Amino acid sequence: MFKKILSLAIVAMMLMSICAVSFSAAQVEVSADGAEAAVAEQGADGDVASQGAESDTASTGASTIKYDNSGTNWAGPICFYIYEPVEDVKPFGEWGSKKLRGKDEGNNIWSFDASGLDSSKQYCVIFFDETSSDQTYDLVMDSSCFGDTAKATGNKIENPVDSNKTAKEAKWTNSSLGPRKQITSIGNVVGETILSSQSKYDMFVKFLTDTLSNAKTYMVDTGKKTEQQLIDDTAKALDLGKNDVEAAIKEAGVSTEWSKDKSSLSDESSGDAKTTGSGGSSDSGSSSSSGSSGSSGSSGSSGSSGSSGSSGSSGSSGSSSKSGSASNTQTGQTETVLFIMLGVMVAAAGVIFFARKKERT
């Protein structure tokens with residue numbers, strides 16, 4: 001009789017252990033699946049958020065500039081050559097680089113992502129056709145031009161380096177910044193906007209230092225102008241007076257045949273000769289630049305860091321959530337199995353004890 005009871009107790013203990021282990025395994029699997037599902041859901045939410053941020057950035061075009069090709073009808077690709085004139089930096093590559101190629105938006109509109117430019121600086125952009133090498137004249141820009149579209153006006157501007165060549169004039173649709181004001185190789189003044197880092201007086205001193213000799217070769221030596229006329233005409237185009245020219249010649253340290261007494265200029269200049277960024281459309285352009293430059297730069301930075309932060313946090317959060325949930329659930333179920341098996345063993349021991357006691361009596 002005792003052996004039968006003992007056998008039944010052992011069988012019962014084995015069956016209960018198997019059931020307990022199976023139940024525990026099912027719970028672990030369900031918990032793990034639940035954790036993975038939660039991770040997948042969080043990952044999906046993170047991806048959606050990230051995609052939403054990227055979509056917002058793409059749709060607003062926070063750092064994009066555009067060119068309307070309807071006035072030039074170039075074959076393309078149309079390139080955007082951007083340079084920083086003061087430090088001679090080309091942030092997106094040298095002339096001819098494929099990195100300068102714009103994106104064909106259709107309807108004769110080409111766009112270029114100019115993100116990464118310093119919002120506190122002014123740059124110049126030249127639009128050119130890669131197929132024909134035809135180009136526009138240097139157009140002043142800064143971060144206030146983001147989102148704006150430039151278009152050729154139909155006018156032509158003398159090339160500042162080679163007076164035998166011209167370039168197409170281009171202007172922004174909304175920005176007051178215009179074609180860069182420069183003195184050409186033969187002393188002509190072209191363009192509208194003086195760089196915010198320059199003044200009319202600075203430009204004239206540079207002309208005397210770097211360009212006067214070349215201008216004399218082509219204008220004075222050929223009998224087209226006297227040196228007096230050459231210097232007076234250049235200074236007059238910049239609204240400079242006799243006193244400005246006299247001071248500039250002394251500062252440049254050049255020897256000239258110019259005479260203050262023979263000059264046709266007025267004694268005094270326009271009053272803003274030494275004011276940086278003065279002349280043409282640069283007055284309003286400068287104030288516009290400082291006003292929107294900060295907001296534009298801030299917006300671009302905020303959008304970038306926001307997108308990056310969202311993506312990074314969702315990735316790391318998903319990873320920690322998965323490993324943490326699976327580990328905790330598995331540990332809890334293991335402890336439950338041990339308690340069940342211990343209970344079964346205690347119950348079996350009790351059955352055996354009472355069965356033997358009854359047999360002896």
Side-chain angles (χ1 to χ4, degrees), residues 58 61 63-117 121-195 210-211 214-215 218 280-281 285:
S63 304
T64 299
I65 56 174
K66 298 180 181 180
Y67 178 75
D68 185 345
N69 187 38
S70 61
T72 43
N73 291 315
W74 289 331
I78 293 178
C79 300
F80 294 63
Y81 176 71
I82 298 175
Y83 68 93
E84 200 274 293
V86 176
E87 299 177 4
D88 193 29
V89 174
K90 291 89 175 177
F92 302 107
E94 298 290 338
W95 186 275
S97 170
K98 292 183 178 180
K99 294 180 180 180
L100 305 180
R101 288 179 178 176
K103 178 182 178 182
D104 187 356
E105 301 283 359
N107 298 320
N108 264 326
I109 300 297
W110 289 74
S111 65
F112 185 81
D113 182 5
S115 57
L117 296 183
K121 294 182 178 181
Q122 278 188 339
Y123 298 83
C124 289
V125 57
I126 298 175
F127 308 100
F128 71 92
D129 178 35
E130 193 172 88
T131 301
S132 64
S133 297
D134 197 12
Q135 69 179 69
T136 64
Y137 179 76
D138 314 44
L139 180 61
V140 181
M141 66 164 287
D142 60 15
S143 58
S144 69
C145 299
F146 290 163
D148 207 346
T149 302
K151 184 179 181 181
T153 63
N155 298 327
K156 293 184 177 181
I157 298 178
E158 178 185 327
N159 186 307
V161 178
D162 186 349
S163 60
N164 293 316
K165 298 179 179 179
T166 60
K168 291 177 171 60
E169 180 187 64
K171 289 188 176 183
W172 298 109
T173 302
N174 300 310
S175 176
S176 57
L177 295 174
R180 179 183 177 184
K181 200 160 198 171
Q182 299 185 84
I183 303 174
T184 72
S185 59
I186 58 175
N188 294 326
V189 177
V190 297
E192 299 176 357
T193 301
I194 296 180
L195 298 175
D210 302 337
T211 316
N214 181 80
Y218 286 91
S281 59

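It should be emphasised that the depicted structure is a prediction, and the values quoted were computed from it without experimental measurement.
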Study note, to complete from the structure: Heavy-atom closest pair (T136 atom, A167 atom, distance to 0.1 Å) is C-CB, 3.8 Å
Exercise for review: Identify the two heavy atoms, one from G178 and one from L139, that lie closest to each other, and give their separation to 0.1 Å.
Suggested key: C-CD1, 3.4 Å
Revision key, fill the gap. Smallest heavy-atom separation, F80 atom then G102 atom, equals CE1-CA, 3.8 Å
Point to revise | Spacing of C79 atom SG and Q135 atom CD [to the nearest 0.5 Å] | key: 11.5 Å
Practice item. Evaluate the side chain to side chain donor-acceptor pair (under 3.5 Å) criterion for residues D129 and S132: first the C-alpha distance (whole Å), next the side-chain angles of each, then the deciding distance (0.1 Å), finally the verdict. Key: CA-CA 6 Å; D129 178 35; S132 64; 2.7 Å; yes
Review point. Do side-chain atoms of E84 reach the backbone of V86 as a donor and acceptor pair under 3.5 angstrom?
Key: yes
Check your understanding: What do you reckon, is CG of N107 surrounded by more than 12 foreign heavy atoms closer than 6.0 Å?
Key -> no
Point to revise | N159 side chain vs S163 backbone, donor-acceptor pair below 3.5 Å | key: no
Exercise for review: Output, in order, the C-alpha distance, side-chain angles, deciding distance and verdict of side chain to side chain donor-acceptor pair (under 3.5 Å) for T166 and E158.
Suggested key: CA-CA 4 Å; T166 60; E158 178 185 327; over 6 Å; no
Point to revise | Any donor-acceptor pair under 3.5 Å from T131 side chain to G76 backbone | key: yes
Practice item. Apply salt bridge (Lys or Arg N to Asp or Glu O under 4.0 Å) to E87 and K121, showing your working. Key: CA-CA 11 Å; E87 299 177 4; K121 294 182 178 181; 3.5 Å; yes
Review point. Are any side-chain N or O atoms of W110 and backbone N or O atoms of R101, one a donor and one an acceptor, separated by less than 3.5 Å?
Key: no
**Study point:** Verdict with reasoning, L177 to D142, per side-chain contact (heavy atoms from CB on, under 4.5 Å)
**Key:** CA-CA 9 Å; L177 295 174; D142 60 15; 3.7 Å; yes
**Study point:** Separation between CD1 of I82 and SG of C124, rounded to the nearest 0.5 Å
**Key:** 10.0 Å
Point to revise | Interatomic distance, D138 atom CG to I157 atom CD1 [nearest 0.5 angstrom] | key: 8.5 Å
Exercise for review: Test K168 against every option in T72, D134, N155 by the side-chain hydrogen bond (donor to acceptor under 3.5 Å, both in side chains) rule and name the one that passes.
Suggested key: D134
Review point. Are V140 and Y123 side-chain neighbours, meaning at least one heavy-atom pair lies under 4.5 Å?
Key: no
**Study point:** N-O pairing of E192 and K171 below 4.0 Å
**Key:** yes
Review point. Which word best sums up how the rings of W74 and Y67 line up, parallel for under 30°, tilted for 30 to 60°, or perpendicular for over 60°?
Key: parallel
Review point. Are side-chain heavy atoms of V89 and Y83 found at a separation under 4.5 Å?
Key: no
Exercise for review: Find out whether V189 and T184 are in side-chain contact, i.e. whether some heavy atom of one side chain is under 4.5 Å from a heavy atom of the other.
Suggested key: no
Exercise for review: Indicate the atoms forming the closest heavy-atom contact of S176 with T193, along with that distance.
Suggested key: O-OG1, 4.3 Å
Study note, to complete from the structure: Interatomic distance, SG@C145 vs CD@Q122, rounded to 0.5 Å, equals 8.5 Å
Exercise for review: Return the minimal non-hydrogen interatomic distance between Y81 and K90, and the atom names on each side.
Suggested key: OH-CE, 3.0 Å
Practice item. Report yes if the distance between the aromatic ring centroids of W95 and F128 is under 6.0 Å, otherwise no. Key: yes
**Study point:** For the student: nearest non-hydrogen atoms of W172 and M141, plus distance
**Key:** CZ2-CB, 3.6 Å
Practice item. Could you go through the side-chain contact (heavy atoms from CB on, under 4.5 Å) check for R180 and L195 one step at a time? Key: CA-CA 7 Å; R180 179 183 177 184; L195 298 175; 3.8 Å; yes
Review point. At what distance, to the nearest 0.5 angstrom, does CG of D210 lie from CD1 of I183?
Key: 10.0 Å
Exercise for review: Enter the distance from I109:CD1 to D68:CG here, rounded to the nearest 0.5 Å.
Suggested key: 4.0 Å
Check your understanding: What do the steps show when you test T64 against K66 for side-chain contact (heavy atoms from CB on, under 4.5 Å), and what is the final call?
Key -> CA-CA 7 Å; T64 299; K66 298 180 181 180; 4.2 Å; yes
Check your understanding: With side chains defined as the heavy atoms from C-beta onward, is the minimum distance between I65 and D148 less than 4.5 Å?
Key -> no
Exercise for review: Hey, can you tell me if F112 and F92 have their rings parallel, tilted or perpendicular (30° and 60° cut-offs)?
Suggested key: perpendicular
